[in-house]
Novice: 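Sending over a structure as structure tokens; questions will come in a sec.
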Amino acid sequence: MCGIIGMVAHSPVNQAIYDGLTVLQHRGQDAAGIITCEGERLHLRKNNGLVRDVFHTRHMLRLLGNMGIGHVRYPTAGCESSAEAQPFYVNSPYGISLAHNGNLTNSNKLKQELFQEDLRQINTDSDSEVLLNVLAHELQQHAKLKMEVGDVFRAVSDVHRRCRGAYAAVAMITGHGVVAFRDPFGIRPLVYGKRESPDGTDYMMASESVALDVLGYELIRDVAPGEAVFVSLDGTIHTRQCAVSPSTKPCIFEYVYLARPDSIIDNVSVYKARLRMGDKLADKLRRTRPDHDIDVVIPIPDTSRTSASQMASNLGIKYREGFIKNRYIGRTFIMPGQQQRKKSVRQKLNAIDLEFLGKNVLLVDDSIVRGTTSSQIIDMAREAGANKVYFASAAPPVRYPNVYGIDMPTSSELIAHGRTEDQICKEIGADWLLFQDMEDLVDAVKKGSPDISGFDDSVFTGNYVTGDIDTIYLDDLQSIRSDAAKKKRRDSDDDVIDLHNSA
């Protein structure tokens with residue numbers, strides 16, 4: 001999960017990209033980067049850390065130009081070195097910079113092709129650098145002294161032909177413009193919009209529409225699956241479908257957890273989708289526990305608030321804020337290690353005792369992944385004096401790892417993998433546990449847009465929409481994504497960037 005922004009304007013874009021990245025900070029807290037284009041000169045600043053920590057006044061003053069792209073990142077299968085902060089850059093052809101959200105599922109094969117056939121060097125473990133070099137190579141095949149828009153679209157078509165997996169990307173071609181493109185399934189989100197300025201129309205692309213809203217841009221629409229949108233330096237916009245048989249199958253976990261509720265993804269309001277999740281969950285509770293004795297519904301902030309409040313309203317039960325969140329602690333879902341996640345839960349949340357004392361409490365969360373957070377919060381509710389603690393998840397059990405750009409744990413680290421719902425309930429220590437049904441979740445999201453043909457729901461079902469994921473791939477993923485593997489990489493990281501061949 002990352003956040004990306006691209007801008008072509010009639011005035012400097014440095015501050016606007018910075019502001020947009022702060023709005024997308026929830027999509028990645030590991031690293032941030034901005035690259036701008038001033039004529040034929042590029043200005044780049046990137047490093048590990050939050051947006052506010054990476055960019056100081058001295059950096060902003062040097063990020064000159066009316067065109068640029070930005071990125072916020074958190075690590076998935078790659079390492080956590082600052083060398084993998086984005087955007088990435090290659091100088092040929094023209095000079096191309098790229099920021100990417102997603103994960104290529106055939107990156108190892110592409111690395112070999114790039115080195116052995118395309119004669120291109122890959123210097124990090126990031127699949128985003130692979131995507132950039134594939135785009136650059138394909139554009140090189142059509143390169144001429146004066147680049148034409150058709151050349152860009154042909155290059156994106158070739159990217160679709162070669163690359164598998166999830167990718168929403170913005171690429172800046174020095175002195176020419178910015179192109180935004182999305183994989184043929186539209187797994188990761190990408191939108192674009194416009195804003196009128198005294199000198200003409202400014203354009204912006206971003207992972208979520210909320211970034212456009214904050215900067216005063218009018219949302220035009222989503223970049224369609226397989227489509228490319230190119231905005232030239234003079235502000236002219238061009239669009240073309242570049243995939244052979246695209247279909248709209250976005251990641252359903254975006255609506256459950258990843259995206260902000262005030263965003264719109266593939267014409268679906270995330271807020272309204274979560275309201276419907278709350279209604280569906282209330283209906284299931286009525287069916288399965290008609291004689292419940294719930295006194296109060298309490299959300300686990302922040303993502304579950306919308307679903308929890310609607311669930312309480314539907315059931316006619318009091319809704320209360322029982323936990324106060326420390327907003328200066330990052331999202332525990334994307335903490336790098338289990339010990340750090342355990343520590344951060346207590347630092348992040350504090351219970352208001354009077355909302356728990358002597359009551360039968362229904363806690364509502366967006367999902368249960370590792371179960372670590374859930375069990376600790378249930379313990380906190382009991383310590384605050386709750387009589388009984390029930391637990392509801394707005395999503396079905398998360399049983400499978402994500403391969404499309406979310407750092408979902410390996411199967412062995414998922415509490416629901418290989419366990420029944422009763423066993424999960426016992427593991428987290430709840431008096432009873434309620435999960436959303438898969439059909440209800442799909443209906444809650446899809447109701448907002450008839451154009452959606454399906455979803456990437458692989459974390460719940462194990463069905464991977466790209467059709468190229470097998471046991472061997474998942475075993476390899478586990479070897480590099482487990483907490484133990486990440487700890488080993490962190491322990492060996494000495495901040496030295498190694499230059500090596502990819503052979």
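Worth saying up front: this structure is predicted, and the values here are computed from it rather than measured.
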Novice: Is there a side-chain contact between Met277 and Leu441 in this structure, where contact means two heavy atoms from C-beta onward sitting under 4.5 Å apart?
Specialist: yes
Novice: Just to verify, what does Lys447 make a salt bridge (Lys or Arg N to Asp or Glu O under 4.0 Å) with, not counting sequence neighbours?
Specialist: none
Novice: Can Asp118 and Arg162 be said to form a salt bridge (Lys or Arg N to Asp or Glu O under 4.0 Å), step by step?
Specialist: CA-CA 13 Å; Asp118 301 347; Arg162 296 181 65 180; 3.0 Å; yes
Novice: Is there a side-chain hydrogen bond (donor to acceptor under 3.5 Å, both in side chains) between Arg182 and Tyr167? Walk through the geometry before answering.
Specialist: CA-CA 6 Å; Arg182 202 172 171 202; Tyr167 48 93; over 6 Å; no
Novice: For atom OH of Tyr271, decide whether the heavy atoms of other residues, nucleotides or ligands shown that lie under 6.0 angstrom number more than 12.
Specialist: no
Novice: Students often mix this up, so state it plainly: with edges at 30° and 60°, are the rings of His160 and Phe181 parallel, tilted or perpendicular?
Specialist: perpendicular
Novice: Which atom pair, heavy atoms only, marks the closest approach of Leu44 to Pro87?
Specialist: CD1-CD, 4.2 Å
Novice: Would you name the heavy atoms of Asp127 and Asn103 that are closest together and state the gap between them?
Specialist: OD2-CA, 3.1 Å
Novice: If you look at every heavy atom in Leu21 and Gly33, which pair is closest and at what distance?
Specialist: CD1-O, 3.8 Å
Novice: Under the side chain to side chain contact (heavy atoms under 4.5 Å, CB included) rule, what do Leu414 and Val369 come out as? Steps first, then yes or no, please.
Specialist: CA-CA 6 Å; Leu414 295 168; Val369 182; 3.7 Å; yes
Novice: After noting the C-alpha distance and the side-chain angles of Ile34 and Asn14, does the key distance pass the side chain to side chain contact (heavy atoms under 4.5 Å, CB included) rule?
Specialist: CA-CA 8 Å; Ile34 295 174; Asn14 51 354; 5.7 Å; no
Novice: Determine the sole option in Asp456, Thr105, Thr466, Asn101 for which the side-chain hydrogen bond (donor to acceptor under 3.5 Å, both in side chains) test with Tyr404 is passed.
Specialist: Thr466
Novice: Test side-chain hydrogen bond (donor to acceptor under 3.5 Å, both in side chains) on His71 and Arg73 and set out the steps.
Specialist: CA-CA 6 Å; His71 188 267; Arg73 169 188 180 268; over 6 Å; no
Novice: Kindly compute the distance separating OH (Tyr203) from OG1 (Thr236), expressed to the nearest 0.5 Å.
Specialist: 8.0 Å
Novice: For Asp19 and Gln15: C-alpha separation, side-chain torsions, deciding distance, then whether side-chain hydrogen bond (donor to acceptor under 3.5 Å, both in side chains) applies.
Specialist: CA-CA 6 Å; Asp19 293 339; Gln15 188 63 52; 3.0 Å; yes
Novice: Using side-chain heavy atoms (C-beta onward) and a distance below 4.5 Å, is Val231 in contact with Met205?
Specialist: yes
Novice: Looking only at side chains, do Ser411 and Gln478 share a donor and an acceptor under 3.5 Å apart?
Specialist: no
Novice: Spell out, as yes or no, whether a donor-acceptor pair under 3.5 Å connects the side chain of Gln112 to the backbone of Asn108.
Specialist: no
Novice: Rounded to the nearest 0.5 Å, what separates atom CG in Asp266 from atom CZ in Phe455?
Specialist: 8.5 Å
Novice: Checking side-chain polar atoms at under 3.5 Å, does His26 have a donor or acceptor matched by the opposite partner on Glu208?
Specialist: yes
Novice: Roughly how far, to the nearest 0.5 Å, is CD1 of Ile173 from CG of Leu233?
Specialist: 11.5 Å
Novice: For Lys111 and Glu129, what are the C-alpha separation, side-chain angles and deciding distance, and is it a salt bridge (Lys or Arg N to Asp or Glu O under 4.0 Å)?
Specialist: CA-CA 10 Å; Lys111 281 182 183 179; Glu129 190 185 9; over 6 Å; no
Novice: Within this structure, what is the NE2-CZ distance for the pair His43 and Arg62, rounded to the nearest 0.5 Å?
Specialist: 9.0 Å
Novice: Enter the distance from Ile265:CD1 to Ile252:CD1 here, rounded to the nearest 0.5 Å.
Specialist: 11.5 Å
Novice: Assess whether side chain to side chain contact (heavy atoms under 4.5 Å, CB included) is satisfied between Tyr464 and Leu474, documenting all intermediate values.
Specialist: CA-CA 11 Å; Tyr464 297 94; Leu474 294 176; 3.9 Å; yes
Novice: Would you call Arg221 and Thr239 a side-chain contact if the rule is heavy atoms closer than 4.5 Å?
Specialist: yes
Novice: Who passes ring-ring contact (aromatic ring centres under 6.0 Å, His included) against His176, sequence neighbours left out?
Specialist: Tyr94
Novice: Shortest non-hydrogen contact from Gly175 to Cys37?
Specialist: N-SG, 3.6 Å
Novice: Can you list the steps and then say if Ile237 with Lys194 is a side chain to side chain contact (heavy atoms under 4.5 Å, CB included)?
Specialist: CA-CA 10 Å; Ile237 188 167; Lys194 64 180 180 179; over 6 Å; no
Novice: Of all the heavy-atom pairs spanning Arg164 and Asp468, show the shortest one and how long it is.
Specialist: CB-OD2, 3.5 Å
Novice: In this structure, are over 12 heavy atoms from other groups packed under 6.0 Å from Leu61 atom CG?
Specialist: yes
Novice: Quick one: salt bridge (Lys or Arg N to Asp or Glu O under 4.0 Å) partners of Arg161, sequence neighbours excluded?
Specialist: Glu138, Asp158
Novice: Say you draw a straight line from CG of Leu135 to CD1 of Ile96; how long is it, rounded to the nearest 0.5 Å?
Specialist: 5.0 Å
Novice: Measure across Phe185 and Pro225 and return the closest heavy-atom pair with its distance rounded to 0.1 Å.
Specialist: C-CB, 3.8 Å
